[in-house]
Amino acid sequence: MNVLNNISEVKSILTDLRAKNLSIGFVPTMGALHQGHISLVEKAIRENDVVVVSIFVNPTQFNDKTDLKNYPRTPEKDIKLLEDSGIHYIFMPSEQEIYPEPDTRIFEFGQLDKVMEGAHRPGHFNGVAQVVSKLFDIVKPHRAYFGQKDFQQLAIIRQMVRLLDLKIEIISCPIVREKDGLAMSSRNLLLEPEVRKSAPLIYKTLSDAQKKVGELMVNDLIVWVERNINKDPNLSVEYFSLANSQNLQPVNNWTDSDSIIGCIAVRAGKIRLIDNVYFK
Ligand code: PAF
């Protein structure tokens, strides 16, 4: 496994491999890797000849500068973990390498980024699209892997690939959970011990809510979920949305869509956690 820092080096190595008809799988990450990332890496290894993982904490997707400053960074541990996983290249660029000058591109996602994370984190998805489009242009993968925990991010990236007419297959991978149900996230590292004990209530509530679909109307279920989580003094729901899983617009009735996703963001102490489950 090689650790690369320069764009030109990555481009040149991967151009040669592509010319040999080898398929390239790509897993973009911001580091602080956990088993969720490793599940993406393992799938990428099974499905491609060469696997590249990028580690880059992208400043343009952080609308909150304190969040950027506090974002966990564990580079040595990440490199070790990836070495053991069997990938071929890590791309770990500096900020200067990715953004030699400010990226002023604005992406148009229609209604897709006007709800949920997009509404609560202004500019977040534009920043995600900026960095992912740059990384895609550098790596030019055949397939790229993303976790379903960031459900809206996946929809945005699929839309970006369509907008830019890229020939990249976007592959989504299921959420990986801790034994107590908490969705794995790099941010879990930042939870204070007492808050960490409360955090499994998020998934527990979503799972219990799934069983109430026939019993409660959409709006009543939203209220029930919010109340159940807010009962814990360490947790506070920022939003819970029941939405059409294709266009992410909120539904009012269970019959409004064939496929309904419940997406939640919760303040857990000082940390913001997200999760989602299908309701239909
Ligand atoms: O999901 C993430 O970790 C990030 O948003 C991504 C896709 C690596 C872009 O910085």
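Order of listing sets the numbers, starting from 1, for every ligand and every atom in it.
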Original post:
In the hydrophobic cluster built from side-chain contacts under 4.5 Å, what are the other members alongside Ile79?
Top reply: Met1, Val3, Val27, Leu33, Ile38, Leu40, Val41, Ile45, Val51, Val53, Ile55, Leu81, Leu82, Ile87, Ile90, Met92, Tyr145, Ile171
**OP:** Decide whether Asn58 and Thr60 meet the rule of one side-chain donor and one side-chain acceptor closer than 3.5 Å.
**Re:** yes
Subject >> side-chain contact (heavy atoms from CB on, under 4.5 Å) partner of Arg18, chosen from Asp16, Asn21, Thr15, Leu22 >> reply: Thr15
Subject >> Residues in side chain to side chain donor-acceptor pair (under 3.5 Å) contact with Lys231, at least two apart in sequence or another chain >> reply: Asn228
**OP:** Enumerate the atoms of ligand 1 whose separation from the nearest heavy atom of Met30 is less than 4.0 angstrom.
**Re:** 3 (O), 4 (C), 8 (C), 10 (O)
Original post:
Can you list the ligand 1 atoms lying under 4.0 Å from a non-hydrogen atom of Val131?
Top reply: 9 (C), 10 (O)
Original post:
Starting from atom 5 (O) of ligand 1, which protein heavy atom do you reach first, and at what distance in Å?
Top reply: Gln153 OE1, 2.7 Å
**OP:** Write out the residue and atom name of the closest protein heavy atom to atom 10 (O) of ligand 1, then the distance separating them to 0.1 Å.
**Re:** Gln61 OE1, 2.6 Å
**OP:** With heavy atoms under 4.0 Å as the rule, classify the contact between Ile157 and ligand 1 as side chain, backbone, both or neither.
**Re:** neither
Original post:
Are any of the side-chain heavy atoms of Ser186 and His34 separated by less than 4.5 Å?
Top reply: yes
